[in-house]
Amino acid sequence: MTFKPAAWPRKLRSQEWFGGSGRDQIYHRGWMKNQGFPHDLFDGRPVIGILNTWSELTPCNAHLNVLVEKVKNGIYEAGGFPVEVPVFSASESAFRPTAMMFRNLAAMAVEEQMRGQPMDGCVLMVGCDKTTPSLLMAAASTDLPSIIVTGGPMLNGYYRNERVGSGTHLWKFSEAVKAGEMSQEEFAEAEASMSRSAGSCNTMGTASTMASMAEALGMALSGNAAIPAVDSRRRVMAQLTGRRIVQMVKDDLKPSDVLTKQAFENAIRTNAAIGGSTNAVIHLLAIAGRVGVDLTLEDWDRCGRDVPTIVNLMPSGKYLMEEFFYAGGLPAVIKRLGESSLLHKEALTVSGETMWDQVKDVVNHNDDVILPKERALAQSGGVVVLKGNLAPNGAVLKPSAASPHLMVHRGRAVVFEDIDDYKAKINDEALDIDETCVMVLKNCGPKGYPGMAEVGNMGLPPKVLRKGITDMVRISDARMSGTAYGTVCLHTSPEAAAGGPLAVVQNGDMIELDVPNRRLHLDISDAELQARLAAWKPRHERYEGGYAWLHQTHVEGADTGADLDFLKGCRGAPVGKDSH
Ligand code: FES
């Protein structure tokens with residue numbers, strides 16, 4: 001840790017708008033006063049933008065409009081001036097074609113809101129899957145002092161006395177309906193039981209994973225990730241976060257001080273320990289690209305290999321975020337990494353302390369939720385990076401969510417050219433498929449879908465499910481929901497729509513998956529593969545205009561984070577010319 005706090009007091013960037021008695025300053029300040037702000041709030045104290053992703057169409061964040069009051073209290077208490085700013089909110093459950101297409105748009109919009117307005121520091125109020133990475137990407141690109149507070153997970157769901165997890169049980173129940181084991185009426189009854197309180201998904205899905213990543217990166221106060229949305233301690237966390245950002249501005253503690261290579265390695269190892277979502281791979285690569293840290297897919301495989309998955313949460317395990325919080329939450333997991341020499345202890349956090357200082361005294365209160373190493377869900381829990389002639393730039397697989405008996409598998413390809421082709425064929429009893437086959441889905445990557453939807457864990461055909469089979473090897477260039485499970489090879493790069501080898505797989509080809517040797521191989525000759533690639537023609541529709549065109553034209557591959565090429569890097573937050 002080499003951070004040295006800046007001298008205080010000093011002139012802050014907000015004073016370019018609010019300080020002095022010129023016409024422009026009176027214009028900026030005077031209009032603000034129509035909200036009843038006293039004159040002394042403009043006296044040079046830190047102006048904190050509370051970037052709020054509240055939206056009634058982002059149900060996981062719909063309580064942030066209440067939580068924000070606690071953040072404001074904390075900022076006032078510490079001598080700052082809070083200003084709440086609504087920002088682009090990409091809802092996982094409602095945005096089409098997929099929220100992922102809008103992660104970069106949100107990041108771009110928020111970056112400009114941070115840079116173009118009088119803010120000295122920011123509180124990022126997030127929760128649902130894409131809201132967390134998009135705001136972290138924006139903060140990394142402006143490098144204004146920033147801190148995350150998430151909305152927290154929903155309370156446990158229960159259906160007929162059975163613990164049910166967001167997403168995870170949606171997939172399970174829908175497969176049960178297809179297999180004839182559950183009625184449509186029972187499915188509808190289960191629906192309400194899954195979402196019984198405010199908050200984000202209560203499994204270790206992408207939202208909980210990204211909240212954990214923010215904490216493991218050092219961008220949130222310790223303990224933030226697991227506190228349930230409706231627990232009073234979530235409100236305390238919001239208030240403490242508000243207090244902390246004011247001091248961060250005074251100290252000039254910026255994202256670039258926290259988001260170091262060491263911080264990303266801590267986050268990757270944490271992701272392995274919690275059995276986190278494969279979506280974290282894409283998001284952390286994108287955040288690293290914004291702050292200028294050289295992070296690669298190989299780093300994911302290298303750092304995750306020695307880390308056991310010790311958090312017994314769905315979809316890999318049994319419990320939900322509420323129990324994780326009661327057991328000690330993420331600090332107890334990070335402490336275990338530190339005790340196993342798997343943590344850069346000296347990594348700086350937004351608290352101003354090191355990561356180790358934050359966690360060294362915490363206690364694990366339930367070793368059935370946070371497991372001892374001997375009972376780990378997977379001894380090598382890190383995201384596996386597969387390579388081979390089918391994925392020259394890589395594909396990923398989550399071992400803790402996969403079936404051990406399928407980790408080495410050779411099977412006949414059953415190909416779906418796109419998601420519509422899959423939907424049209426999967427329920428057809430005449431489809432030539434059994435459980436030994438490898439399901440291949442194309443054209444669902446960043447350019448192809450477009451946006452890289454969470455369709456990689458495609459449901460199995462009913463005739464296989466009726467045999468009691470619940471998993472098959474599946475390969476695609478899509479993503480998978482963090483709440484899902486299965487032996488699923490995802491993010492295959494280059495994607496089919498960009499002419500990757502996935503595009504030329506044919507029905508009947510043999511495919512070999514070898515997880516221990518990190519291999520994904522299409523068993524045809526090099527000459528045959530080259531001939532097929534030479535004959536390949538792009539098939540996906542191109543958009544003529546609008547954001548979809550911008551996305552399709554500029555999005556990069558999943559192997560580097562699927563950011564837009566022109567948004568990578570840190571542009572800082574210089575104060576531009578006055579617009580009046
Ligand atoms: Fe919003 Fe899961 S859909 S957190």
Side-chain angles (χ1 to χ4, degrees), residues 52-65 67 87-103 106 124-136 148-157 163-174 190-215 220 224-231 234 271 274-280 282-283 313-316 320-322 324-325 330 398 401 451-457 479-485:
N52 194 348
T53 54
W54 167 83
S55 163
E56 288 186 338
L57 278 175
T58 306
C60 315
N61 296 14
H63 60 303
L64 296 183
N65 61 336
L67 198 61
V87 297
F88 194 112
S89 185
S91 164
E92 196 61 31
S93 60
F95 237 119
R96 292 192 175 182
T98 164
M100 181 60 184
M101 191 168 102
F102 303 101
R103 181 200 66 177
L124 317 179
M125 294 199 72
V126 292
C128 194
D129 298 17
K130 303 301 173 294
T131 57
T132 305
S134 59
L135 267 62
L136 276 172
I148 283 247
V149 62
T150 52
M154 290 186 258
L155 296 175
N156 280 7
R163 196 183 279 110
V164 293
S166 323
T168 302
H169 274 80
L170 184 65
W171 320 130
K172 281 201 168 129
F173 289 155
S174 75
E191 176 186 325
S193 71
M194 287 187 238
S195 311
R196 59 182 274 258
S197 82
S200 51
C201 288
N202 54 19
T203 46
M204 189 50 81
T206 304
S208 298
T209 298
M210 289 311 299
S212 300
M213 293 297 90
E215 189 173 328
N224 170 74
I227 308 171
V230 296
D231 194 298
R234 170 63 54 193
N271 188 64
I274 62 176
S277 166
T278 46
N279 284 323
I282 288 192
H283 298 324
L313 257 60
M314 297 179 203
S316 303
L320 294 167
M321 288 298 285
E322 194 179 336
F324 185 39
F325 173 57
L330 199 70
K398 179 176 168 180
M452 202 179 180
E454 292 182 332
V455 294
N457 57 312
R479 293 178 303 120
M480 171 172 89
S481 165
T483 61
Y485 47 86

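Just follow the structure's listing: the first ligand is 1, and inside any ligand the first atom is 1. Bear in mind that the values here come from a model prediction, so they are computed numbers and not experimental data.
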> Do the side-chain N and O atoms of R234 and N224 include a donor-acceptor pair separated by under 3.5 angstrom?
yes
> For residues A214 and L136, report the shortest heavy-atom separation together with the two atoms involved.
CB-CD1, 4.4 Å
> For H283 and R103, does a side-chain donor sit closer than 3.5 Å to a side-chain acceptor?
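On atom types as modelled, these side chains qualify, holding a pair under 3.5 Å.
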> Taking only heavy atoms of S200 into account, list the atoms of ligand 1 that are under 4.0 Å away from them.
4 (S)
> State the atoms of ligand 1, each with its element, that fall below the 4.0 Å cut-off from a heavy-atom position in C128.
1 (Fe), 3 (S), 4 (S)
> Should you measure from each heavy atom of D129, which atoms of ligand 1 turn up under 4.0 Å away?
2 (Fe), 4 (S)
> Does C201 bring an N, O or S atom to under 2.8 Å of atom 2 (Fe) of ligand 1?
yes
> What I want to check is whether the side chains of T53 and S89 have a donor and an acceptor closer together than 3.5 Å.
no
> For ligand 1, which atoms, with element, lie under 4.0 Å from some heavy atom of A207?
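Per the distance check, 4 (S).
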> Taking 4.0 angstrom as the limit and counting only heavy atoms of E92, give me the atoms of ligand 1 inside it, by number and element.
3 (S)
> Looking at Y485, does the NZ or CZ of K172 lie under 6.0 angstrom from its six-membered ring centre and within 45 degrees of the ring axis?
yes
